[in-house]
There are 2 protein chains.
Amino acid sequence: MNQSKAPAPARRSDATRRAILDAARERFAADGYERATIRAIAQQAQIDPSMVMRYYGNKEGLFAAAVAIDLQLPDPASLPRDDAGHALVTHFLHMWEDNDVLTALLRVGITNETGAERMRGIFSDQLLPLVERVCPDPEQAPARAALVSSHLLGLALTRYVLRFPPASRLHPDEITAWLAPTLQRYLTAPHPGR
Amino acid sequence: MNQSKAPAPARRSDATRRAILDAARERFAADGYERATIRAIAQQAQIDPSMVMRYYGNKEGLFAAAVAIDLQLPDPASLPRDDAGHALVTHFLHMWEDNDVLTALLRVGITNETGAERMRGIFSDQLLPLVERVCPDPEQAPARAALVSSHLLGLALTRYVLRFPPASRLHPDEITAWLAPTLQRYLTAPHPGR
DNA sequence: TGTGTAGGCCAACAAGCGTTGACATCCACC
DNA sequence: GGTGGATGTCAACGCTTGTTGGCCTACACA
């Protein structure tokens, strides 16, 4: 964001800051907000707990800094309307397999109101606009987006958090084959009525 | 379970025990495992924290006693195969609106490994058998049940825990109209292939 | 009526938590 | 070469947590 405007201060402590954020993401993802302790994060980053406080103020500040999520959703304009469901599923699967920030936010969003608020923000700032562009009647967009997010978050929940064995074992291709038509229907099919 | 066999000891403390369990369910549902403190539960039940320990040993024992879930799924035999999707959605919606034990378990299942194990047990002991009866090829039952549970738990997550406004606002009838065909497809439609 | 036991409360413990402030150490700049 | 701010360490704080043991009370049974 400030890479072109500000010439990057390049502090000497950047490595430490990054180590803290990396450790924080990992602990938050594995343990959730409450059980992820500052002490454990500091130990994993091989620094003193007080450094965390110096650089991020408090635990909430650390969480805010560690969990910044950009879903990198595709541009709705370049998205073929009939292919939106398929594109969404594969995109989410890739994002989720790659990094554990999403799992961290999911875990924290459930125990911590700040985390829940963050997830609501991501929903309305990133997913909703895309759905508004794709779906037929913009007025129905919120409901349709809610259905889509329900299914995708539920998949992440059973697969990466609760680890239902059948959900964890499913091959990404098979998930895509099942979910793509569903999401496509939620996005573009006519309202089924009452 | 022991109402007909054992003649019910009828201890004088039964009222207290029940007050503790009621309070525990409520606190676990609202706060999750870590933030639901024994002290808060005891205060809500208007007894001393030490009573909780006496009757349930420790916090894990209390949780185990408080969160016993019977989904009360319909008998697969009496379930018209073409109506299974619709029946499942309405059943889950009713269960979830009625009592907060399900929300409690969902919250706890995410932060606590004991809770997650409990949810896996419910999945395989209660949902899976039903799906095995309904779906065409029993070998596909685990995957199909995983898809169903993903969607239903995702709905509960966005509606009751994260409280995405559009998900919370959706009328049960509308949810049913959207989800019933999806679940029906997951249960009985031919495998979409890779 | 006396007594044993279950029910209940109170105070305290050890441990872990987030957080703080004082003190060393290092590097950049005048 | 000396100085000042950034970087890092250490010890401790106040608080909350789960958990424990001692003590009082009241009821059931003899």
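First the proteins, then the strands, lettered A, B, ... as listed; each starts at 1.
Remark: P of D:dG8 and CG of A:D14 are 10 Å apart, rounded to the nearest angstrom. Taking atom CD1 of residue A:I38 and atom P of nucleotide D:dC13, one finds them 21 Å apart after rounding to whole Å. C:dA22 atom C1' lies 13 Å from atom CG of A:D48, rounded to whole Å. Following rounding to the nearest Å, B:I41 (CD1) and D:dT19 (P) show an atom-to-atom distance of 11 Å. One interatomic measurement links the two molecules: CZ of A:R17 to C1' of D:dG8, which rounds to 13 Å at whole-angstrom precision. Per the geometry, NZ belonging to B:K59 stands 8 Å off P belonging to D:dT19, to the nearest Å. Rounding to whole angstrom units, CD of residue A:E34 and P of D:dG18 are separated by 12 Å. One interatomic measurement links the two molecules: CZ of A:R27 to C1' of C:dG18, which rounds to 18 Å at whole-angstrom precision.
Closest to the B:M53 side chain, of the nucleotides C:dC9, C:dT19, D:dT19, is D:dT19. Side-chain atoms of B:N58 lie closest to D:dT19 of the nucleotides D:dT7, C:dA6, D:dT19. Between D:dT19, C:dG18, C:dG7, one nucleotide has an atom nearer to the side chain of B:R12 than all others, and that is C:dG7. Closest to the A:M51 side chain, of the nucleotides D:dT20, D:dG8, C:dT19, is D:dG8. You'll find that the side chain of B:R11 is closest to C:dG7, out of C:dC9, D:dG18, C:dG7.
In terms of phosphate contacts, B:T16 brings no side-chain nitrogen or oxygen within less than 4.0 Å of OP1 or OP2 of C:dG7. For A:S13 and D:dA6, the shortest distance from a side-chain N or O to OP1 or OP2 is not below 4.0 Å. Proximity of B:Y55 to the phosphate of C:dG8: a side-chain N or O atom is located under 4.0 Å from OP1 or OP2.
B:L157 CG to A:L153 CG: the interatomic distance, rounded to the nearest 0.5 Å, is 6.0 Å.
With A:F63 as the aromatic partner, A:R118 meets the cation-pi criteria of under 6.0 angstrom to the ring centre and within 45 degrees of the ring axis.
A:Y56 comes within 4.0 angstrom of nothing in the nucleic acid, heavy atoms only. Among the protein residues, B:S50 comes within range of the nucleic acid bases, having at least one heavy atom under 4.0 Å from a base atom.
Applying the 3.5 Å distance criterion, the base of D:dG18 shares a donor-acceptor pair with the side chain of B:R39.
The environment of B:R133 atom CZ is sparse: at most 12 non-hydrogen atoms of other residues, nucleotides or ligands sit within 6.0 angstrom.
Proximity of a side-chain donor or acceptor of B:T37 to a complementary backbone N or O of B:A40 within less than 3.5 Å is detected. Formation of a donor-acceptor pair under 3.5 Å by the A:K59 side chain with backbone atoms of A:Y33 is found in this model.
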